Number of protein chains: 2
Amino acid sequence: MNSFTEENYLKAIYKFSLLHEKGASTNSIAQALNTKASSVTDMLKKLAVKKLINYKKYYGVTLTNKGEQIAISIIRNHRLWEVFLVEKLSFKWDEVHELAEELEHIKSEKLINNLDAFLNFPSNDPHGDPIPNKNGKMKKLKMINMSELKTNEEGIFIHVKDSSDKFLKYLSKNKLEIGKKIKVIEIEPFDNSFKIAFDNQQLILSENVAKNIYIQN
Amino acid sequence: MNSFTEENYLKAIYKFSLLHEKGASTNSIAQALNTKASSVTDMLKKLAVKKLINYKKYYGVTLTNKGEQIAISIIRNHRLWEVFLVEKLSFKWDEVHELAEELEHIKSEKLINNLDAFLNFPSNDPHGDPIPNKNGKMKKLKMINMSELKTNEEGIFIHVKDSSDKFLKYLSKNKLEIGKKIKVIEIEPFDNSFKIAFDNQQLILSENVAKNIYIQN
DNA sequence: TTATTTTTTTAGATTAATCTAAATATTTTA
DNA sequence: TAAAATATTTAGATTAATCTAAAAAAATAA
Ligand SMILES: [Mn+2]
Ligand SMILES: [Mn+2]
Ligand SMILES: [Mn+2]
Ligand SMILES: [Mn+2]
């Protein structure tokens, strides 16, 4: 059995692997988990002994098959709990992440599979992320970053890169939610800000915000 | 904030207080939590510093108001999760306790109050135990003496009259514990002894023992 | 290709929760 | 009430996860 802490390390390494080709560096993991590089090194040794990661001193780490399976199952738990909280317990999409961080570590196959069925086998969480099925398979999202859109192009908002409470609350405040159809009205060359239209309203997004929004492709 | 471990100690002391007048002894807590007396002493010191228990060396411990509030809220969580698992996720009543032991420690007022509402404010868990409301109030159990039961009647073991060590040890030895569902198989007219069934086993109780056991009504 | 900077690892501590064994205190028994 | 038994606490270790500071390796720059 793995501790909550070990599981969080595996998850961090897995998420890194989705964005980069190389293995995760000690520092990148430390940053993701808000801890120190020396603590990371200690944990990497431990995970290597358990054969959950491929670790060689001074090289980046990658997950073994076993490690990846665990990471994916934790992510499945996390996303299913988020759906539950939003759909059944009337939470807002910007209130569920931290709670899911705790719930994801409750270990019971039966619990999570029954929850999945209870929720009707949802394919995406409230932030648009795909939910792995019980075999760890999930559909890959086809999407492009909003900053790649040109004037007059449109598409459906399906994913946020940064799912921090702060960012999600900013979006909620502006009624900009997953599933909405968005059209680019104008791109300001000066600061790369986007003027967009959705729901019969217009909104200006900074370059930074635009880069955190993904559009279905 | 209190750790899972601290919460489990508070719960054990609270449960002890429901059955006995005196404070919980170091040994009784050790037994309840499946740990050693020396570990218990360490933890009691810590809980005393936090003003969650009244502790004096070599005396039994009791909960302070603050400690009791926490214990009751953990119990509320536990029982609501049990209802959820049985009513919504199709678990059997004998499959939920261990999972609820984990879920009960997820700390979020909003989570538990919304869960309560989602379940329609149930007043009892799947084993018949009352669920405290958000203010910690719960209805008192109505119970009858086991010796009043007739053949084939059944009920949940919820209280002991004689709380001497001897008697409790006798019960423990026979795995006859609070919360168990008991069915009367046969009453021997000769000595008024009860043959009962619980947990897929049978046991014969003397009249004396039967008179010390209370059944939910 | 040295020298400098950055990254990673190691060494040595700390904190929470636990344990065993030994020392005390309390309770029971004779 | 003194001896024996039982219960509780203390002393000293251990394990997991973390930290700071220092050492070592790798990457970058001059
Ligand atoms: Mn999340
Ligand atoms: Mn987590
Ligand atoms: Mn239970
Ligand atoms: Mn518990």
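Values in this document were obtained by computation on a predicted structure and should not be read as measured data. Throughout, a chain's letter reflects where its sequence line sits, starting with A, and its residues are numbered from 1.
For the pair A:Glu6 CD and D:dT15 P, the interatomic distance rounds to 15 Å; values are reported in whole Å. Between the CG atom of B:Asp42 and the P atom of D:dA11 there is a distance of 11 Å, given to the nearest Å. Atom pair B:Lys56:NZ and D:dA7:P shows a separation of 20 Å (rounding to whole Å applied). Straight-line distance from the NZ atom of B:Lys45 to the P atom of D:dT8: 14 Å, rounded to whole Å. Separating the CG atom of A:Leu44 from the P atom of D:dT18 is a distance of 12 Å, rounded to the nearest angstrom. One atom, CG of B:Asn27, and another, P of D:dT9, lie 10 Å apart when rounded to the nearest Å.
A salt bridge does not link B:Asp116 with B:Lys134: every distance from a Lys NZ or Arg NE/NH1/NH2 to an Asp or Glu carboxylate oxygen is 4.0 Å or more.
At the phosphate of C:dT9, OP1 or OP2 sits under 4.0 Å from a side-chain N or O atom of A:Tyr55. Side-chain N/O atoms of A:Thr41 include one lying less than 4.0 angstrom from OP1 or OP2 on C:dT9. An OP1 or OP2 oxygen of D:dT9 is reached within less than 4.0 angstrom by a side-chain nitrogen or oxygen of B:Thr26. Proximity of A:Lys57 to the phosphate of C:dT10: a side-chain N or O atom is located under 4.0 Å from OP1 or OP2.
Side-chain contact between B:Ile182 and B:Leu203 is absent, with no heavy-atom pair separated by less than 4.5 Å. Residues A:Ile29 and A:Val61 form a side-chain contact, since some pair of their non-hydrogen atoms from C-beta on lies under 4.5 Å apart.
On a pure distance criterion of 3.5 Å, a polar donor-acceptor pair joins the side chain of A:Ser38 and the base of D:dT20.
Distances from the side chain of B:Ser39 to the nucleotides C:dT26, C:dC19, D:dT18 place C:dC19 closest.
Within a heavy-atom distance below 4.0 Å of DNA chain D, no residue of residues 28-36 of chain B is found.
B:Ser38 and B:Thr41 are not linked by any side-chain donor-acceptor pair at a separation below 3.5 angstrom, with hydrogens and angles left out of the test.
Of the options A:Arg79, A:Arg76, A:Lys11, a salt bridge (charged side-chain N to carboxylate O under 4.0 Å, His left out) to A:Glu104 is made by A:Lys11 and by none of the others.
A:His97 and A:His78 have their aromatic ring centers within a separation under 6.0 angstrom.
At most 12 non-hydrogen atoms from other residues, nucleotides or ligands lie less than 6.0 angstrom from CD of A:Gln31.
For the pair A:Tyr59 and A:Ser3, nearest-nucleotide mapping onto DNA chain D gives the more 5' position to A:Ser3.
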